[in-house]
Structure formats: structure tokens, C-alpha cells
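Report on one structure; see the data block that follows.
Note on naming: letters A, B, ... go to the chains in the order of the sequence lines (proteins, then strands), and numbering restarts at 1 for each one.
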Amino acid sequence: MDVPKDYLYTNSHEWIRMEDRIATIGITDFAQSQLSDVTFVELPSTGDQVAAGDEVAVVESVKAATDVYSPVTGAVAEINERLVEHPEIINDDPYGDGWMFKIELAEPKEVDQLLDAEAYENSLPAG
Amino acid sequence: MKGYAVYFDQPVPYARAERIQDALVSARIAESIPDTVLFLEHTPVVTLGRRRREEHLLVAPGELQAAGIELYPSTRGGDVTYHAPGQLVLYPILRLGVQDHDAHGYLWNLEEIAIRTCADFGVPAERVPGKSGAWTVAGKIAAIGFHLKRWVTVHGMSFNVDLDLDGYRHIVPCGLHGDPVCSLQSLLGDEAPSVREVRRRMKDHFEAICGRRLDLCSPDQLPGSLARIWPEE
């Protein structure tokens, strides 16, 4: 399972890439492989105020849907609108073009609570 | 750990079942209740999933109303589906443990429960690649749609026992054009079992396949942990 070293992670299988105060967020390779072919994505709206742990998006495959939680508190700065027409990008490139939304952090210290790649990888089921 | 199977003997309106599931899933995430599986039948309803495709509803909403069928936009996954008395619905509120964070395995388990339940009544059923559910020679007998909230499952499976299949003509079930639906009754006629008999078998298979023991209870006699969080009518 691919777990890039320079990203941060949550136990609920979101990844976070930090650039200054902007967190780019998506779901991990493990999460997309669990869902298999993603057919539908529901995204937050730009400007939404979200708190860490809020349900902000939904990713749905043929028969399973799963909530995506915001790992951090802040305002939604940008969403990946391409996913609405092409949800399969999440399967093809979960850590790149499959990013879901960006959040401008209100509480940058929250980032310290996130998992690093090693801790996340260790949390995944063996095999 | 022991969980609960809640048997409803009266058909449950879809909105009521959603409220009960919402309360259960929050409590399950908070670890204040064990795994709980609802076994129920719905009052007649056409539900539109998140991925709703209005063109899969073949009649005007007014026509459904005239036929005594409610139209309900649901938060579950999937497309359009139909529920009515005579269809057994299984809503497991299960925490998939850290070592079975496995949505595919859970789907496989639900399909296996349906397939083994069919086998109990002499009906061969199988999986069809690329489509979820359980399928017989006469069409789809069990439909599956679930949602994961922090690895707790919501929604689940419907299994056709002896409902009036005529209700399906109002929709394209799950958006699958040209795939017929069937029931134990359409396959077995007078030999078909009752919903209660199917429910008993399905609970046994659930316990064996999902590896959980379930104590029986009814909405009128809930154990304390469930009673505390159960939404009022």
C-alpha cells in the first residue's frame, strides 16, 4: 500500500499535505482500495467553516459510501471540482490529482496531532 | 462480544428506520452500545440514494402516492430502490474492527448471508461480477447498499421474501436496466417461507459469517444500552 513519506495522515484514512497555512486533503491509497471503483463524490463548498473531525465529504463506490472527515479546523479554500465529473481520479491518483479539498488552517497547532507516514502505515491491517 | 438483533414485527416507515440507525451509529462510534442488527420490513417506499438518478424513477411522484408508495430521498449509497412488506431488510450497525477494516469483505459477507439463506430454501443463488447483491436464475433477490461512518456500517441489505413485485415497475432498481427482480415466493410459490422463518435463518447465517453472537430483542423490550439512545416515535 502506497504511503508517501512527506504527507500526514489520520486514522480515518485521510491524507494531508501542508503548504504554509493551506492543507490539501484527500483519501489514502488504502481508503480508495477499500472502496474500489469510486462513482460519486460529494464535496464541501468553498468558504465553508469546518472543525477538525467534521463530516465534510462523501465518497461512494458501487455499493459502499464512506464519509470523509476534515482533519483540521478552518475554512474551505478550494475544492477539486474535476472529481464531480471524474470521480475515478480518486482511484487512479489518490495522492495527486485525486485531492479533494483545501483548508486554510485556523489552528495550525492541530497539525501536530496528525500521524506521520510511519505511524499511519503501522495502523493499517497487515497484508 | 455479544451484540443485539432487534426484530420488528410491524412494518417500519423508512424515515423512522433512518432515525433509529442514526442514533445507533452515533452510539456505536462512541462505544456506548455493542454491534446491533435491525431486522425489519418497511412500509411501501421508493428511496433515492445519494447518487439518485431521477430518470430511474419511471413514474411521476404523484403516481407513487396514488399507489400508496412513499418517495424518500435517503443518505444511503446507491441509486433507486423499492421496499415494502414481504421484503426482509437487514441493517447491521457494526464496527468493523481495526483488523477487518475491509469494505470488500463486508460486502462479500452480506452477499454470503443472502446466498446461504436462499440455499436453506433450495434456491441456488450467486454473485454476479460487477454487480452487488445475490442473484438467482430469475433475477436479483437481494440488494445491498451500505455506508461507512468511521468504520461503523449503516444501511445494509434487502431480501425479497414475498412482497408484491409489482412495486418495482415504478423504478429501474439500482439503475440496472433489464435486470429482473424476484422473490422466494416468485420462485417457490406456495412453498415459500414466511418473513419470520427467513429472518431466523438469516440471523443464524449472520452470526456464523460475521462472527458475532446476537441476543434477540424487540423495540418494545430493549436492553438498557439501546433503550437509552433509542429515538422517540
Would you indicate whether A:Asp20, at its atom CG, is surrounded by more than 12 heavy atoms from other residues, nucleotides or ligands within a distance under 6.0 Å?
no

Within the side chain of B:His104, is there an N or O that forms a donor-acceptor pair under 3.5 Å with the backbone of A:Ser33?
yes

Parallel, tilted or perpendicular: which one describes the rings of A:Phe30 and B:Trp151, with boundaries at 30° and 60°?
tilted

Quick one: side chain to side chain donor-acceptor pair (under 3.5 Å) partners of A:Thr28, sequence neighbours excluded?
A:Tyr120

A:Lys109 atom NZ, over 12 foreign heavy atoms within 6.0 Å
no

Point-to-point distance, once rounded to the nearest 0.5 Å, from OH of B:Tyr106 to CD of A:Gln34
14.0 Å

Side chain to side chain donor-acceptor pair (under 3.5 Å): pairs with one or both residues in residues 82-102 of chain A, sequence neighbours excluded
A:Gln32-A:Asn91, A:His86-A:Glu88

If I take atom CG from residue A:Asp67 and atom NE2 from residue B:His147, how far apart are they, to the nearest 0.5 angstrom?
3.5 Å

